[in-house]
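In what follows, a structure is listed as structure tokens, so that the remarks can point back to it.
One-based numbering, in listed order, for ligands and for the atoms of each. Atoms considered below: every heavy atom in the structure, side chains included; atoms not considered: hydrogens, waters and symmetry mates. Being a predicted model, the structure only gives us computed values, none of them experimental.
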Amino acid sequence: MRITIKSLFEQSSDYIGKKAKVAGWVRSVRNSKAFSFIVLNDGSCQKVLQIVADEKIEDYTKVTELLIGSCIEVEGDIVESQGKGQSIEMQALTVHVYGKTDSSYPLQKKATSLEFLREQAHLRPRTNLFGAVFRVRHQLAMATHKFFSDRGFYYLNSPILTAVDAEGAGEMFNVTNMDMANLPKHKDGSVDFSQDYFGKQTSLCVTGQLEGECFAMGMGSVYTFGPTFRAENSNTPRHLSEFWMIEPEVAFMDLEGNAQLASDYVKYLISYAFEHAPDELEALQKYHQFSAKQAKEPYENHLETLEKVKDSEFKVITYTEAIDILSKSNQKFEFKPEWGVELQTEHERYLAEEYFKGPVTVTDYPADCKAFYMKQNDDGKTVRAMDVLVPGVGEIIGGSQREEDISKLIAKMDALGMDKDPLWWYLDLRKFGTAPHSGFGLGFERAIRYITGMKNIRDVIPFPRTPNSCDF
Ligand code: 4AD
Ligand code: MG
């Protein structure tokens with residue numbers, strides 16, 4: 001039976017002097033007269049297995065002809081490695097070639113750009129770098145479930161198809177099965193959605209929050225973890241049209257509790273990655289070091305910085321304080337910081353990177369910058385919102401205490417000119433047994449970017465969807 005390279009290294013002392021069978025993709029081959037050195041990775045871990053095949057094995061010429069990217073299965077003896085950095089290696093007895101490649105295989109040994117690899121998104125899981133990123137991604141997903149489940153939260157699957165614009169931003173992808181070339185129309189020329197599949201206009205969700213609130217108001221503490229879709233026209237290193245979001249929602253929790261939960265969660269993610277993906281983080285660190293050197297940029301030790309964050313308290317400031325800090329800084333911003341206007345990425349990054357040199361939670365934003373559901377402060381100007389900003393990325397979490405007072409909520413919806421009918425059930429939560437409650441959404445890919453140190457969000461999701469790009 002085949003053993004993964006991960007298990008082989010984990011149990012290396014048991015395997016020394018014994019036979020094993022591995023299978024994977026060739027990272028490199030070096031041929032000398034009587035030997036071939038094959039470096040094999042099977043994706044189970046960051047490590048590679050060195051395999052020595054000598055001319056005595058059957059079909060030795062086939063081995064010498066192997067190219068990078070070929071898929072092989074090898075049975076051989078596990079021996080202690082002579083080379084440095086490796087505890088064990090394999091002396092091949094038989095090599096079976098599952099699939100050859102040729103010289104047109106796009107992932108050759110020489111360094112390839114991330115842009116190029118995005119065009120080869122079907123093959124990039126075979127690289128050292130993307131193996132690391134996606135194994136960290138896996139660990140962070142596991143960490144998420146463990147963190148919330150251990151704290152008594154229930155995992156909720158909120159719907160993906162929806163008829164409400166829950167963030168009120170209108171950036172939704174329509175869902176229809178109507179014949180686009182022959183749309184049913186009203187007399188005034190507008191589309192008659194009553195003839196659509198659901199009998200009304202529907203979209204892909206931009207959040208699962210409102211449904212999360214329904215469950216928090218019955219089950220106490222819940223969290224969602226699912227895909228979210230936004231038709232924003234933002235071509236930036238931190239925006240995706242399809243991304244994953246984790247949204248906890250908690251009854252009887254105020255904004256302070258929410259901010260605490262958010263920082264506990266982010267710190268837990270970091271600790272979990274250190275514990276469960278140390279080789280991956282190490283490999284990423286090496287990659288960033290190398291890239292910085294190539295670009296002649298200064299390199300800040302990413303792992304050391306993360307290590308500090310995991311044991312630190314996040315600073316909490318109000319939006320008004322943030323504007324004050326930004327206005328008094330001598331920083332040249334493209335957009336002048338101004339009270340009443342949402343913070344720009346450059347402002348967020350200045351606060352986290354330059355000023356606080358670590359994550360910072362900003363609370364109590366102007367009501368006009370934020371969604372309708374946020375709890376209104378007594379000042380009549382601000383709401384109980386919070387964003388968690390981190391170095392390198394900016395906002396990774398957005399959340400708030402929710403408005404639980406039905407009359408205030410209705411007044412806000414009316415002031416925004418919102419149609420209340422589709423949200424009758426959301427209002428019901430305030431009509432029947434309302435309670436203070438809070439929650440937030442963590443952009444999964446932004447958190448992965450932060451922890452892996454990758455600079456572009458397209459490189460931390462398997463197959464990125466962005467404006468004008470929906471390949472694979
Ligand atoms: O700040 P947002 O829009 O908040 C909400 O959706 C709330 N319903 C969350 C809640 O209170 N339950 O989005 C939350 C997070 C952002 O902080 C960001 O990390 C991420 O989702 N995000 C995106 N990530 C990638 N691409 C995009 N286009 C994103 N838009 C938001
Ligand atoms: Mg936000």
Side-chain angles (χ1 to χ4, degrees), residues 140 144 148 153 156 158 162 164-173 204-216 221-250 253 255 258-259 261-262 265-266 269 319 342-345 347-349 352 359-363 365-366 369-375 383-390 392-403 426 437-451 454 456-461 464-467 469:
L140 297 180
T144 294
F148 287 111
F153 285 62
L156 172 74
S158 53
T162 180
V164 294
D165 180 2
E167 290 296 317
E171 290 164 332
M172 304 187 81
F173 288 103
L204 296 176
C205 69
V206 292
T207 169
Q209 178 196 321
L210 306 195
E211 291 84 357
E213 285 185 53
C214 301
F215 274 76
S221 302
V222 296
Y223 70 104
T224 71
F225 185 172
T228 334
F229 307 87
R230 296 201 184 171
E232 307 170 81
N233 199 9
S234 302
N235 241 320
T236 79
R238 56 176 221 161
H239 285 93
L240 290 164
S241 315
E242 177 181 300
F243 62 99
W244 286 64
M245 190 155 47
I246 293 104
E247 295 186 275
E249 192 68 36
V250 188
M253 190 172 74
L255 190 70
N258 205 23
L261 181 70
Y265 173 39
V266 172
L269 289 179
Y319 167 90
E342 182 62 290
L343 299 179
Q344 299 290 325
T345 306
H347 304 146
E348 296 176 346
R349 290 190 56 175
V360 51
T361 305
V362 181
T363 66
Y365 283 72
C369 299
K370 295 290 184 188
F372 74 98
Y373 49 70
M374 298 195 181
K375 186 172 172 66
V383 287
R384 300 245 74 194
M386 61 165 216
D387 279 4
V388 177
L389 319 177
V390 299
V393 184
E395 177 192 342
I396 61 166
I397 285 180
S400 70
Q401 187 164 342
R402 319 303 188 191
E403 183 54 78
Y426 188 70
H437 61 291
S438 304
F440 63 81
L442 170 109
F444 194 42
E445 287 75 20
R446 290 199 187 169
I448 302 170
R449 247 195 74 186
Y450 175 49
I451 292 171
M454 296 299 287
N456 195 312
I457 201 162
R458 294 168 177 84
D459 297 329
V460 299
I461 188 160
R465 275 82 181 90
T466 52
S469 170

Closest protein heavy atom to [atom], given as residue, atom name and distance to 0.1 Å:
atom	answer
atom 1 (O) of ligand 1	Glu395 OE2, 3.0 Å
atom 26 (N) of ligand 1	Leu240 N, 2.9 Å
atom 8 (N) of ligand 1	Glu167 OE2, 2.5 Å
atom 15 (C) of ligand 1	Gly441 O, 3.6 Å
atom 11 (O) of ligand 1	Arg402 NH2, 2.9 Å
atom 18 (C) of ligand 1	Arg446 NH1, 3.5 Å
atom 28 (N) of ligand 1	Glu232 OE2, 2.6 Å

Fill in the blank from the handout: Taking only non-hydrogen atoms of Gly399 and a 4.0 Å limit, the atoms of ligand 1 in range are 11 (O)

Practice task
Would you mind running through ligand 1 and noting each atom that sits below 4.0 Å from a heavy atom of Thr207?
Solution key: 6 (O), 8 (N)

Tell me the contacting part of [X] for ligand 1: side chain, backbone, both, or neither, using a 4.0 Å heavy-atom threshold, strictly below.
X	value
Met245	side chain
Glu249	neither
Met374	neither
Ile397	backbone
Glu247	side chain
Ile396	backbone
Tyr373	side chain

Do any N or O atoms from the side chain of [X] and from the backbone of [Y] form a donor-acceptor pair under 3.5 angstrom?
X	Y	result
Arg230	Val206	yes
Glu348	Glu395	yes
Arg238	Arg446	no
Arg384	Ser400	no

Practice task
Take Phe173 and Phe229 through the ring pair (Phe, Tyr, Trp, His ring centres under 6.0 Å) test and state the conclusion after the steps.
Solution key: CA-CA 7 Å; Phe173 288 103; Phe229 307 87; 7.1 Å; no

Practice task
Select the closest option to atom 25 (C) of ligand 1 among Phe243, Tyr450, Phe229, judged by heavy-atom distance.
Solution key: Phe243

Practice task
Mind checking the CG-CE spacing from Asn258 to Met253? Nearest 0.5 Å is all I need.
Solution key: 4.0 Å

Exercise for the section: Starting at CD of Glu247, measure out to CD1 of Ile397 and round the result to the nearest 0.5 Å. Expected result: 11.0 Å

Contact between [X] and [Y] at the side-chain level, heavy atoms closer than 4.5 Å - yes or no?
X	Y	answer
Pro248	Ser221	no
Leu269	Leu442	yes
Arg449	Pro237	yes

Exercise for the section: Classify the ring geometry between Phe444 and Phe225 as parallel (under 30°), tilted (30 to 60°) or perpendicular (over 60°). Expected result: perpendicular

Exercise for the section: Could you check whether the rings of Phe372 and Tyr426 sit parallel, tilted or perpendicular, using 30° and 60° as the cut-offs? Expected result: perpendicular

Pairs of nitrogen or oxygen atoms closer than 3.5 Å, one from [X] and one from ligand 1: do any exist?
X	result
Arg230	yes
His239	no
Gly398	yes
Gly443	yes

Problem - Which N, O or S atom of Glu395 lies nearest to the Mg ion (ligand 2), by name - result: OE2

Handout entry: More than 12 heavy atoms from other groups under 6.0 Å of CZ on Phe243
Key = yes

Handout entry: Asn233 atom CG: more than 12 heavy-atom contacts under 6.0 Å
Key = no

Exercise for the section: Give a yes/no verdict on whether any heavy atom in Ile457 is under 4.0 Å from an atom of ligand 1. Expected result: yes

